[in-house]
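Here the structure comes first, spelled out in structure tokens, and everything after it is commentary.
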Amino acid sequence: ELGRGEAFRVMAVGMKKYPCCYLSQRIIDGLLALRVEHGLTLDAVERVEIGVNRIFPQILKYPDPANAEEARFSLPHVVVSALSGEPMFIETFTDAKVVDPTLATARDKVVMRVHPEWGDAQLGERNTIAILLKDGRTLTRDCRMARGDPSDPLGRDELRTRFLNCADQVIHPHAATKAADLLEGLERLTDASQLMTLLASA
């Protein structure tokens with residue numbers, strides 16, 4: 001039972017790999033995998049159909065985002081960004097990327113297909129991807145788990161890279177690196193004041 005003995009609740013907490021709505025995480029993983037497997041480019045895509053449950057469109061509700069915050073909850077922005085080779089990190093979800101003509105003009109390729117029979121759980125059991133290519137082929141993917149979920153956690157190197165990419169935005173890179181070192185050995189840290197000083201250096 002979680003919370004008792006050795007079954008600590010923290011071990012059941014996932015971490016988002018991408019800085020956008022959690023509901024889109026496994027979809028991004030699926031899109032990136034298809035892009036690599038088939039050498040996809042955005043220009044080769046005629047249409048992308050994403051299967052979702054009936055709660056999904058209430059949360060990812062911005063088909064034509066007006067700013068960075070809406071972009072994080074925009075399925076079209078997420079899909080075309082992933083297929084165009086965007087890094088899918090902080091720089092992908094900015095006001096500038098919202099008006100990027102390459103991304104903005106491709107959003108109408110994305111179709112959200114709602115399946116009422118999939119229920120109304122916030123995340124739901126699955127999402128599906130169907131990419132219709134201009135050459136007539138259709139590529140599909142069934143998405144059930146996101147990298148970073150408790151059953152498939154991010155590795156230490158992945159976590160460190162993400163921490164540094166975020167921390168470098170607000171503190172000196174040297175301070176960020178030192179803070180990362182201290183955090184990796186947090187269980188051995190007897191005095192948190194050095195870590196707090198580094199994190200407050202912004």
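Only heavy atoms go into these numbers, but all of them, side chains included; no hydrogens, no water, no symmetry mates. Note that the structure is a prediction, hence the values are computed from the model and not measured.
Expressed to the nearest 0.5 Å, how far OG1 of T105 lies from CG of L42 amounts to 8.0 Å. Considering CD of Q194 and CG of L182, their distance stands at 5.0 Å, rounded to 0.5 Å. Rounding to the nearest 0.5 Å places CG of L195 at 4.5 Å from CG of L199. With rounding to the nearest 0.5 angstrom, the OH atom of Y18 is 11.0 Å from the OG1 atom of T92. Note: L23 CG to F73 CZ = 9.5 Å, rounded to the nearest 0.5 Å. The distance from the CD atom of E49 to the OG1 atom of T138 is 9.5 Å, given to the nearest 0.5 Å.
Under a 3.5 Å cut-off, the side chain of T161 and the backbone N or O of E158 do not form any donor-acceptor pair. In this structure, the side chain of K134 engages the main chain of D43 through a donor-acceptor pair within 3.5 Å. For the pair S81 (side chain) and V78 (backbone), a donor-acceptor distance under 3.5 Å is absent.
The minimum heavy-atom distance between M145 and S151, with the atom names listed, is SD-OG, 3.2 Å. Across P19 and R72, no two heavy atoms sit closer than the pair O-CD, 3.0 Å. The two residues P65 and S74 have their closest heavy-atom pair at CD-OG, 3.4 Å. Nearest heavy-atom pair across R147 and G155 is NH2-N, 4.0 Å. Closest approach of I28 and C20 over heavy atoms only: CD1-SG, 3.6 Å. When every heavy atom of A68 is checked against every heavy atom of D95, the shortest pair comes out as N-OD1, 2.8 Å.
Looking at P150 and V13, their side chains never come closer than 4.5 Å, going by heavy atoms from C-beta outward. L34 places none of its side-chain heavy atoms less than 4.5 Å from the side chain of V36. Under the 4.5 Å side-chain criterion, counting only non-hydrogen atoms from C-beta, I131 is in contact with L31. Side chains of I50 and V79 form a contact here, defined as non-hydrogen atoms less than 4.5 Å apart. Y62 places none of its side-chain heavy atoms less than 4.5 Å from the side chain of P76. The closest side-chain heavy-atom distance from P57 to L75 is not below 4.5 Å. Between I171 and D168, every side-chain heavy-atom pair lies at or beyond the 4.5 Å cut-off. Between L189 and E184 there is no side-chain heavy-atom pair separated by less than 4.5 Å.
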**Request:** Report the C-alpha separation of R162 and L154 in whole Å, then their side-chain angles, then the decisive distance to 0.1 Å, and conclude whether the side-chain contact (heavy atoms from CB on, under 4.5 Å) test is met.
**Result:** CA-CA 10 Å; R162 274 161 175 70; L154 297 178; 4.3 Å; yes
**Prompt:** Yes or no on side-chain contact (heavy atoms from CB on, under 4.5 Å) for I90 and N165, after CA distance, side-chain angles and deciding distance?
**Reply:** CA-CA 9 Å; I90 296 169; N165 285 344; 5.5 Å; no
**Prompt:** Are F93 and H77 close enough, and set up right, to give a ring pair (Phe, Tyr, Trp, His ring centres under 6.0 Å), and what steps lead you there?
**Reply:** CA-CA 9 Å; F93 300 92; H77 183 79; 5.6 Å; yes
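With no hydrogens or angles considered, a side-chain donor-acceptor pair links Y22 and D149 at under 3.5 Å.
No more than 12 heavy atoms of other residues, nucleotides or ligands lie within 6.0 Å of CE in M15, so this atom counts as exposed by the packing criterion. Shown here is Q122, whose CD atom has no more than 12 heavy atoms of other residues, nucleotides or ligands within 6.0 Å. Shown here is R144, whose CZ atom has more than 12 heavy atoms of other residues, nucleotides or ligands within 6.0 Å. For D135, the CG atom counts as densely surrounded, since its 6.0 Å shell holds more than 12 non-hydrogen atoms of other residues, nucleotides or ligands.
Residue I27 is grouped with residue V80 when hydrophobic side chains (ILVMFWY) are merged at heavy-atom distances under 4.5 angstrom, including chains of intermediate members. Cluster membership for L103 and F89, using ILVMFWY side-chain heavy atoms within less than 4.5 angstrom, is not shared. Hydrophobic clustering (side-chain heavy atoms under 4.5 Å, transitive across Ile, Leu, Val, Met, Phe, Trp, Tyr) groups I129 together with L60. Hydrophobic clustering, with ILVMFWY side chains joined whenever heavy atoms are under 4.5 angstrom apart, groups I55 together with M112. One hydrophobic cluster holds both L83 and L139 under the rule that ILVMFWY side chains link at heavy-atom gaps under 4.5 Å.
Ion pairing of E46 with K109 is absent here, as no side-chain N (NZ or NE/NH1/NH2) approaches a carboxylate O to less than 4.0 Å.
Among R113, R141, R26, the one residue that satisfies the side-chain hydrogen bond (donor to acceptor under 3.5 Å, both in side chains) test with N127 is R26. Residue K97 is tested with E91, E86, E70 for a salt bridge (Lys or Arg N to Asp or Glu O under 4.0 Å); the sole match is E86.
Between H115 and W118, the ring planes are parallel. Angles under 30° get that label, and only those over 60° would be called perpendicular.
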